[in-house]
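Encoded as structure tokens, the structure appears first; notes follow it.
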Amino acid sequence: MAEKLFLEVVTPQKAIVSEEVEIVVAPGSEGEFGVLKGHTTFLTSLKIGTLRYKDTSGKERYLFINGGFAEVLPDKVTILAESAERRRDIDVERATKAKERAEKRLAEKRENTDLTRAEVALKRAMHRLNIK
Ligand code: ATP
């Protein structure tokens with residue numbers, strides 16, 4: 001059994017989390033999964049959603065994850081995300097504007113609107129607002 005479990009959350013811009021944790025629950029593309037220390041090794045893609053973990057003081061922490069990949073080892077979870085923010089770093093005004101923009105595009109259904117892109121933008125904004 002591994003002694004400890006470490007969590008690393010990295011985006012192309014920066015490292016968001018690098019600390020010892022008790023448990024991680026992540027938005028796997030096949031469904032949410034939880035990891036405790038000693039978990040068997042696996043690799044999965046992630047969907048847009050919330051990652052939560054408990055730090056060593058028992059506090060629950062929440063992060064927005066804009067999809068990516070997770071590598072699970074018995075003593076380490078590495079999350080490579082397209083973008084990610086801790087709950088306290090989520091800008092509600094920005095997410096609200098992004099949500100309104102996407103909703104407007106979807107409602108207007110203009111011929112040259114990329115609807116899939118608008119749907120994904122809406123999903124990101126709604127998940128961000130949900131965490132706050
Ligand atoms: P927007 O349309 O407002 O740019 P987006 O969903 O297209 O939102 P992303 O492509 O996910 O943005 O992220 C681009 C960068 O902006 C990333 O560094 C991400 O962490 C940051 N970011 C995006 N929205 C927010 C937000 N509401 N609060 C904090 N950071 C954000």
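All ligand and atom numbering here is 1-based and tracks the order in the structure. All of these numbers come straight from a predicted model, not from anything done at the bench.
Of the candidates V25, I16, L7, L7 is the only one forming a side chain to side chain contact (heavy atoms under 4.5 Å, CB included) with L51.
Salt-bridge check for E19 with R86: passed, with a basic side-chain N closer than 4.0 Å to an acidic carboxylate O. Using a 4.0 Å cut-off between charged nitrogen and carboxylate oxygen, K104 and E100 do not count as a salt-bridge pair.
Regarding atom 8 (O) of ligand 1, its nearest protein heavy-atom neighbour is R128 NH1, 3.9 Å. The protein heavy atom nearest to atom 28 (N) of ligand 1 is D91 N, 2.7 Å. Looking only at protein heavy atoms, the nearest one to atom 19 (C) of ligand 1 is E85 OE2, 3.1 Å.
With a 4.0 Å cut-off on non-hydrogen atoms, R101 touches ligand 1 through its side chain and not its backbone. In S83, the part holding a heavy atom less than 4.0 Å from any atom of ligand 1 is the side chain.
Of all atoms in ligand 1, numbered sequentially from 1 with element shown, those under 4.0 Å from a heavy atom of R124 are 5 (P), 6 (O), 7 (O), 11 (O). Near D89, meaning under 4.0 Å from any of its heavy atoms, are these atoms of ligand 1: 28 (N), 29 (C). Residue I90 approaches ligand 1 through these ligand atoms, each under 4.0 Å from one of its heavy atoms: 28 (N), 29 (C). Within the listing of ligand 1, atoms 11 (O) sit less than 4.0 angstrom from a heavy atom of N66.
At least one side-chain heavy atom of E119 sits under 4.5 Å from a side-chain heavy atom of L106. Using a 4.5 Å cut-off on side-chain heavy atoms (C-beta onward), V77 and E8 make no contact.
Not one N or O on the side chain of T11 forms a donor-acceptor pair closer than 3.5 Å with the backbone of A84. With hydrogens and angles disregarded, a donor-acceptor distance shorter than 3.5 Å links the side chain of K132 to the backbone of R87.
Atom 16 (O) of ligand 1 has its nearest heavy-atom neighbour, among Q13, R117, H127, R94, in R94.
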